[in-house]
Amino acid sequence: MKNTTRPFPTFAGTVALALLVPTAHADEDVLIQAMRDELARTMNELRMEDMDEPYFVAYTVRDTELVSAGASFGALLPSSTSRSRRLGVELRVGDASFDNTNFRGLGFFGGSGSASLPLTDDAVEIRRQIWLATDNAYKNALKQIAAKRAALQNATRVEDLGDLSPQEPYEYAEEPGRELPELADVEALVRDLSNRFRDMPHVMDSRVGARISRGRTVYVNSEGSTFVRSNPAAHLTVTAQTQADDGAMLHDFRAVYANGWDDIVERGDLAAEVDALGAAIAERRSASQLKDRYIGPVLFEGQAAAELTAQVLLPRLRGVRAPETERRFSMRGSGNPFQDKLGARVLPRFLSLTDDATLTGNGFVSGYPVDDEGVPAQPTRLVENGILKTLLTTRNPVRGVDGSTGNRRGSGPQPSNLVVTNRRGMTRGELYDELRLLMEEREAEYGIVVRRLGNPGLRPAAGGRFSISLGGAGAGQSNVANALVAYKVYADGREELLRTVEFAGIADSVFKEIVAASASNTTYTRAGSSGFASGLVMMVGMTPASGGTTVTLSVPDLLFEEMSVRNPTGNLPHPPVANHPFFEE
């Protein structure tokens, strides 16, 4: 493996990338050389008379092999194997202080500088596709910078951040990852796991799905950065849904994310997890409901604490810049409220938060060695003793943040491995003592403990009522999914299962009011989300990361002093008229 940072020669004399990254896979040599040759030609020759010239060009090729399979009640759903090579072109005209990016007008949303490349190592055809995509990106960039200049001609810019932050050239290469499993083996596992739902008459819908990818990303830019990175990923998801006698739709899920299929198969508890999922939603069918709205202390444990952090806090950690716009085109409300909270307290003083893509093992599967702009991975201290220190950024300049934190993943900044550390951790018993004290202060009959929280991306295929939205992100409110497993907890220690509850709007400020947290953390991986308008930083021709990204969170149990909790509102669907066909007598 090679991992160096050094100045890079100009493109007056092209140096083969294969010489710069000797560990590149032999099958990639033709692709790499074609990318390098076209990059040199672009920088030397691509210009139109009296028009801006490209000052920065980056080519990204994502070569992805994929195996996917699914099943429902033991019956296989459509499966597939595929391979693709996608090219993304990022082309900038002007200069780093003012270029064609960070601008949105009607008709200017980028995305045309891309192409599908041949899977065979045909240098001529690869270069032809790169040439056409680059030409298209260049013409679009010229249109965009002209529109941007016109829009700002009679305006005074309040901030002049520039459009591209500087970055030292960086080189990195690694060997390809593990081979993909056979499709038949993946189908066998999802079919066997799904078949277990045949013994659960209460389950009206279920799905087991698996997706395993073996990706390679090849990147070169005109500043001299270059990398060849493996992107292995595997995940297995299980969803199940039932319906209570009054029509309430109830569901739950399990999801396993790993860097390879073997890591999933070697888990010995998959069948037990499916059985536990079925038993849990069956128990909820006859669980009690809240009689009145509850306002008081709420303890989030395990998965629920991590999922709540992901849904409320995680999007606010992205440094996304609102673009310049035409006067007729408004993007109000697209910013991140944490942008104005740098230096302010956003967590209790005993909690800190770090993003660290260099973490591996112990459940951390969302790291990477170098981000999608060729910036090396590094730990970033986001919150220290409750104070917001910085945001996760790309090379797109953001007010209050110096340079990139190495978090470009796809079209914008994304977290990798988020770790919450606690200077005042409590045991489980101490947390429950603290919960009871808060109940006594309010003279409350019970408190609420949430152990599983819904994930908006993992709802059953049959749909159903799942989450609420009271206020948008720009207003400081979050769309938080309903609780999947929640209990009333009484002062004497008794617990009473609740069918489900929803939260009447959770503002990011509630995280400042955390009164206690556990000494131990839960490590939890979920699919990443776009958050605050990540598309705003998409450059002309760029394409998002193939297969999406994940984020791994390490979060303690969190005790909140006050939240508003209620039964889900709205009408309920009627149960099916006929019985489930699998169990009809």
Contacts of Ala516 that satisfy side-chain contact (heavy atoms from CB on, under 4.5 Å) - sequence neighbours left out: Met426, Leu431, Glu434, Leu559
Sequence-distant partners of Val383, side-chain contact (heavy atoms from CB on, under 4.5 Å), two or more places apart: Val346, Leu347, Leu353, Leu388
Under 3.5 Å donor-acceptor, [X] side chain and [Y] backbone:
{"X": "Ser366", "Y": "Thr552", "answer": "yes"}
{"X": "Gln311", "Y": "Ala481", "answer": "yes"}
{"X": "Asn521", "Y": "Thr421", "answer": "no"}
{"X": "Ser230", "Y": "Pro232", "answer": "no"}
{"X": "Thr549", "Y": "Arg409", "answer": "no"}
{"X": "Arg318", "Y": "Pro413", "answer": "yes"}
{"X": "Gln243", "Y": "Leu250", "answer": "no"}
{"X": "Arg229", "Y": "Val370", "answer": "yes"}
{"X": "Gln378", "Y": "Thr405", "answer": "yes"}
{"X": "Ser518", "Y": "Thr427", "answer": "no"}

Kindly give the heavy-atom pair with the smallest separation between [X] and [Y], and that separation in Å.
{"X": "Pro337", "Y": "Arg316", "answer": "CG-NE, 4.1 Å"}
{"X": "Ser72", "Y": "Ser194", "answer": "C-OG, 3.1 Å"}
{"X": "Thr523", "Y": "Ser554", "answer": "OG1-OG, 4.0 Å"}
{"X": "Ala69", "Y": "Val186", "answer": "CB-CG1, 3.8 Å"}
{"X": "Arg442", "Y": "Pro297", "answer": "CD-CD, 3.8 Å"}
{"X": "Val274", "Y": "Leu193", "answer": "CG1-O, 3.8 Å"}

ring-ring contact (aromatic ring centres under 6.0 Å, His included) contacts in which one or both residues fall within residues 356-403, not counting sequence neighbours: none
Residues Asp372, Arg395; criterion salt bridge (charged side-chain N to carboxylate O under 4.0 Å, His left out); working and verdict: CA-CA 10 Å; Asp372 288 350; Arg395 294 186 63 185; over 6 Å; no
Does any pair with a residue in [range] pass salt bridge (Lys or Arg N to Asp or Glu O under 4.0 Å), and if so which ones, sequence neighbours excluded?
{"range": "residues 239-259", "answer": "Asp245-Arg285, Asp246-Arg499, Asp252-Arg254, Asp252-Arg452, Arg254-Glu273"}
{"range": "residues 412-429", "answer": "Glu301-Arg428"}
{"range": "residues 483-495", "answer": "Arg451-Glu495, Asp492-Arg494"}

Can you check whether [X] reaches [Y] side chain to side chain, under 4.5 Å on heavy atoms?
{"X": "Thr309", "Y": "Leu558", "answer": "yes"}
{"X": "His202", "Y": "Ile281", "answer": "yes"}
{"X": "Ile295", "Y": "Glu562", "answer": "yes"}
{"X": "Ile506", "Y": "Leu308", "answer": "yes"}
{"X": "Arg321", "Y": "Thr393", "answer": "no"}
{"X": "Thr237", "Y": "Phe253", "answer": "no"}
{"X": "Asn482", "Y": "Val501", "answer": "no"}
{"X": "Lys512", "Y": "Arg349", "answer": "no"}

Does [X] have any salt bridge (charged side-chain N to carboxylate O under 4.0 Å, His left out) partners at least two apart in sequence or in another chain, and if so, which?
{"X": "Glu430", "answer": "none"}
{"X": "Asp262", "answer": "none"}
{"X": "Arg267", "answer": "Asp269"}
{"X": "Arg399", "answer": "Glu159, Asp340"}

Charged N-O contact under 4.0 Å between [X] and [Y]:
{"X": "Asp355", "Y": "Arg381", "result": "no"}
{"X": "Lys341", "Y": "Asp508", "result": "yes"}
{"X": "Arg408", "Y": "Asp371", "result": "no"}

Straight-line distance of Arg526 CZ to Leu458 CG, nearest 0.5 Å: 8.5 Å
Spatial distance of atom OH (Tyr257) from atom CD1 (Ile264) [nearest 0.5 Å]: 10.0 Å
Under the ring-ring contact (aromatic ring centres under 6.0 Å, His included) test, residues paired with Phe300 that sit two or more places apart: Phe503, Phe560
Tyr446: ring-ring contact (aromatic ring centres under 6.0 Å, His included) partners, not counting sequence neighbours: Tyr294, Tyr490
Test side-chain contact (heavy atoms from CB on, under 4.5 Å) applied to Leu382 and Leu418, step by step: CA-CA 10 Å; Leu382 295 164; Leu418 281 173; 3.8 Å; yes
Side chain to side chain donor-acceptor pair (under 3.5 Å) between Thr239 and Arg207, intermediate numbers included: CA-CA 5 Å; Thr239 61; Arg207 296 287 190 277; over 6 Å; no
Stepwise side-chain contact (heavy atoms from CB on, under 4.5 Å) test for Leu66 and Ile212: CA-CA 6 Å; Leu66 178 66; Ile212 309 96; over 6 Å; no
Audit row: Thr390, Thr380, side-chain contact (heavy atoms from CB on, under 4.5 Å) steps and yes/no: CA-CA 8 Å; Thr390 191; Thr380 301; 3.7 Å; yes
Intermediate values then yes/no, side-chain contact (heavy atoms from CB on, under 4.5 Å), Asn567 and Arg293: CA-CA 7 Å; Asn567 282 324; Arg293 180 190 296 265; over 6 Å; no
Side chain to side chain donor-acceptor pair (under 3.5 Å) between Asp356 and Asn417, worked out: CA-CA 5 Å; Asp356 190 354; Asn417 298 312; over 6 Å; no
Modelled atom types, side-chain donor and acceptor of Ser288 and Glu496, under 3.5 Å: yes
